[in-house]
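Note that this is a predicted model, so its numbers are computed, not measured. Order of listing sets the numbers, starting from 1, for every ligand and every atom in it.
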Amino acid sequence: MELDSCIKGRRSVRCFADKPVSKEQIEAILEAGTWAPTAMSREPWRFIIIEDKKLISYVSEETKVAVQQMMPPLAERYKTKDDIICYNAPVLVLICAEKDPQWTTMNLVDSALAAQNMFLKAYELGLGTCYMGFVSLLSSKPEILKKIGVPENCDLMVPFILGHPETKQGAGKRKKTNMLKWIK
Ligand SMILES: Cc1cc2nc3c(=O)[nH]c(=O)nc-3n(C[C@H](O)[C@H](O)[C@H](O)COP(=O)(O)O)c2cc1C
């Protein structure tokens, strides 16, 4: 796929077909992640793949609770029984990094860069992804992290969902007003 159409065509997907993603596709997406730039060549990312529907639903339910506890203005909206967190996606990917207080910020940047590579690779393969910012709220709940496979020595950095899009995504939109200064 041509790079420009890949960058501009990718959209966050929140509606998935009930169809598994193949092992080969998941492996290709993980490999794309590992070609991202990485501070001091540390390659801190450690990937956890969750395909267990019950566990993904558990993540959604616990995340809704966390939103209600930690983001009061959104509390009412997140009392719903609908899965407005992981959107019933067939795969949840957790990009983690080994804990190291001096490297936490770099680890997050590395993980986010890896995630964008993975989003673009998934799009090239006809798959959809969406960054799960709210799921990061679970970072402060060690007992939940343990249940979803995050080892004690790792931080949860970037969670995202993956699956076959149910519908074709529309065109995206971006603001044109992002230039602040161009100093020559
Ligand atoms: C740091 C970050 C956190 C996000 N968290 C969520 C989230 O919790 N739930 C969600 O549905 N989308 C989430 N998104 C996706 C954004 O809503 C989406 O990228 C944005 O609306 C632009 O749309 P596009 O990705 O289709 O271009 C997040 C994106 C980023 C970069």
Side-chain angles (χ1 to χ4, degrees), residues 1-17 21 29 32-33 36-39 44-45 47-48 50 53 55-97 104-141 144-145 148 150 155-178:
M1 186 182 283
E2 200 244 324
L3 182 63
D4 210 43
S5 61
C6 194
I7 290 172
K8 293 181 183 170
R10 177 216 58 82
R11 293 275 70 75
S12 292
V13 171
R14 300 178 182 86
C15 192
F16 297 94
V21 179
I29 291 165
T38 164
W45 38 65
F47 304 108
I48 296 175
I50 305 179
K53 283 186 179 174
L55 200 54
I56 296 174
S57 157
Y58 169 77
V59 168
S60 290
E61 290 309 309
E62 291 298 342
T63 301
K64 279 190 260 176
V65 172
V67 173
Q68 288 168 52
Q69 291 169 339
M70 298 179 212
M71 306 180 87
L74 299 178
E76 277 311 306
R77 190 167 156 218
Y78 284 83
K79 279 179 187 162
T80 172
K81 292 220 176 308
D82 295 340
D83 185 359
I84 58 168
I85 299 292
C86 292
Y87 302 98
N88 304 300
V91 186
L92 172 64
V93 179
L94 308 176
I95 307 181
C96 302
T104 309
T105 304
M106 298 284 196
N107 284 350
L108 182 58
V109 174
D110 283 11
S111 300
L113 290 168
Q116 175 69 351
N117 268 15
M118 296 166 88
F119 296 169
L120 294 177
K121 183 67 192 178
Y123 179 66
E124 188 197 38
L125 295 173
L127 298 164
T129 53
C130 187
Y131 195 122
M132 293 282 94
F134 285 129
V135 172
S136 299
L137 295 177
L138 300 179
S139 292
S140 61
K141 300 186 176 237
I144 296 175
L145 292 179
I148 61 175
V150 179
D155 287 318
L156 171 57
M157 290 290 163
V158 176
F160 71 89
I161 48 174
L162 168 70
H164 294 269
E166 182 73 285
T167 49
K168 199 172 174 332
Q169 298 301 299
K173 265 206 302 199
R174 288 296 188 260
K175 295 172 191 152
K176 291 269 182 234
T177 54
N178 51 14

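Considering only non-hydrogen atoms, atom 12 (N) of ligand 1 lies nearest to Arg14 out of Arg10, Lys8, Arg14. When the options Tyr87, Phe134, Tyr131 are ranked by their closest heavy atom to atom 14 (N) of ligand 1, first place goes to Tyr131.
At a 4.0 Å heavy-atom cut-off, ligand 1 does not touch Lys173 at all.
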Practice problem: Run the numbers on Ile29 and Thr129 for side chain to side chain contact (heavy atoms under 4.5 Å, CB included), then give the verdict. | Solution: CA-CA 11 Å; Ile29 291 165; Thr129 53; over 6 Å; no
Practice problem: Apply side chain to side chain contact (heavy atoms under 4.5 Å, CB included) to Val109 and Met157, showing your working. | Solution: CA-CA 9 Å; Val109 174; Met157 290 290 163; over 6 Å; no
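Atom 18 (C) of ligand 1 has Ser12 OG, 3.4 Å as its closest protein atom, hydrogens excluded (heavy atom only). With respect to atom 5 (N) of ligand 1, the closest heavy atom belonging to the protein is Gly133 N, 2.9 Å.
Within the 4.5 Å cutoff, the side chain of Tyr78 has no heavy atoms near those of the Met71 side chain. Looking at Lys121 and Asn117, their side chains never come closer than 4.5 Å, going by heavy atoms from C-beta outward. For the pair Leu137 and Val135, the minimum side-chain heavy-atom distance is 4.5 Å or more.
Heavy-atom contacts of Cys130 reach the following atoms of ligand 1: 10 (C), 11 (O), 12 (N) (cutoff under 4.0 Å).
Of the protein's heavy atoms, at least one falls inside 4.0 Å of atom 16 (C) of ligand 1.
A donor-acceptor contact shorter than 3.5 Å links the side chain of Lys64 to the backbone of Thr80.
In terms of polar-atom proximity, Met132 is not counted as a contact of ligand 1, lacking any N or O under 3.5 Å from an N or O of the ligand.
Not a single heavy atom of Gln169 sits under 4.0 Å from any atom of ligand 1.
Under the side-chain contact (heavy atoms from CB on, under 4.5 Å) test applied with Ile161, the options Ser60, Ser12, Cys86 reduce to a single match, Cys86.
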